[in-house]
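Below: one structure, written as structure tokens.
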Amino acid sequence: METLKIEIPKGYEIEKFDTTTGVVSFKEKPKNIKERIKDFHDVLEVLGIDADDFEEENEGLEEDELAYRQIKLIVKALNEGWTPDWTNSSEAKYFPWFKMGSSSGSGFSFGDYAYWRTASYVGSRLCFKSRELAEYAGKQFTEIYKKYMTI
């Protein structure tokens, strides 16, 4: 058996390959990143990471540690190369916001008042370039975020 290597043009994927004629047809990948990423497997695919390699590299990690690594990759993929400019205070940065609790009414809660303060409620590498992407990630990957944020 012979092996044929096909270069897939950037922004395209194989639509059809006819094994009898060798004809390959391509179709354009959806441009909207939210259409291309529906689950964590899609995140790995977009970033060119082999799923088996990822699993092997992260074997033995605690659930929250694995979830943190997954979230970093989710953010990277959805941001499509954008990284926050922390020297630019005019640049908005977004992250998913969750209301977590239990039927008892306890859970994550926070109250604060201060005349002057500075704070960060999210790790800088977990920010999104748009509110829309932050909301999408929070809804689409809720279970991964829960594993990261809860005991």
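Basis for what follows: all heavy atoms, side chains included, without hydrogens, waters or symmetry-related copies. FYI, the numbering just counts along the sequence from 1.
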Give a yes or no answer on whether the side chain of [X] reaches the backbone of [Y] with a donor-acceptor pair at less than 3.5 Å.
| X | Y | result |
| --- | --- | --- |
| Gln140 | Lys38 | yes |
| Lys76 | Trp82 | no |
| Lys16 | Ile14 | no |

Atom [atom1] of [X] and atom [atom2] of [Y]: how far apart are they, to the nearest 0.5 Å?
| X | Y | atom1 | atom2 | result |
| --- | --- | --- | --- | --- |
| Glu80 | Lys31 | CD | NZ | 11.0 Å |
| Tyr148 | Glu63 | OH | CD | 14.0 Å |
| Asp39 | Glu143 | CG | CD | 13.5 Å |
| Asp64 | Lys146 | CG | NZ | 16.0 Å |

[X] vs [Y] side-chain heavy atoms within contact, under 4.5 Å:
| X | Y | answer |
| --- | --- | --- |
| Leu126 | Tyr68 | yes |
| Phe26 | Glu13 | no |
| Pro96 | Tyr145 | yes |
| Leu61 | Arg69 | yes |
| Leu66 | Lys147 | no |
| Trp86 | Asn88 | no |

Determine whether more than 12 heavy atoms belonging to other residues, nucleotides or ligands lie under 6.0 Å from atom [atom1] of [X].
| X | atom1 | answer |
| --- | --- | --- |
| Glu59 | CD | no |
| Glu55 | CD | no |
| Tyr12 | OH | no |
| Glu15 | CD | yes |
| Glu35 | CD | yes |

What closest approach, in Å, do [X] and [Y] show between heavy atoms, and which atom pair accounts for it?
| X | Y | value |
| --- | --- | --- |
| Arg36 | Val46 | NH2-CG1, 4.1 Å |
| Ala137 | Ile74 | CB-CG2, 4.4 Å |
| Val24 | Phe17 | CG2-CD1, 3.2 Å |
| Cys127 | Val75 | O-CG1, 3.1 Å |

Query raised in the report: What residues, two or more places apart in sequence or in another chain, satisfy ring-ring contact (aromatic ring centres under 6.0 Å, His included) together with Phe54?
Result: Phe40

Query - Sole candidate of Val43, Ile33, Leu73 that passes side chain to side chain contact (heavy atoms under 4.5 Å, CB included) when paired with Leu78 - result: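 Single side chain to side chain contact (heavy atoms under 4.5 Å, CB included) partner of Leu78 among Val43, Ile33, Leu73: Ile33.
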
Report task. Walk me through it: do Lys5 and Glu7 pass the test salt bridge (Lys or Arg N to Asp or Glu O under 4.0 Å)? Result -> CA-CA 7 Å; Lys5 279 192 163 188; Glu7 183 90 17; over 6 Å; no

Donor-acceptor contacts, no H, no angles, side chain residues 128-136, under 3.5 Å, sequence neighbours left out:
| from | atom 1 | to | atom 2 | distance (Å) |
| --- | --- | --- | --- | --- |
| Lys129 | NZ | Asn79 | O | 3.4 |
| Ser130 | OG | Leu133 | N | 3.1 |
| Arg131 | NE | Glu135 | OE2 | 2.9 |
| Glu132 | OE2 | Lys34 | NZ | 2.7 |
| Tyr136 | OH | Lys34 | O | 3.2 |
| Tyr136 | OH | Ile37 | O | 2.4 |

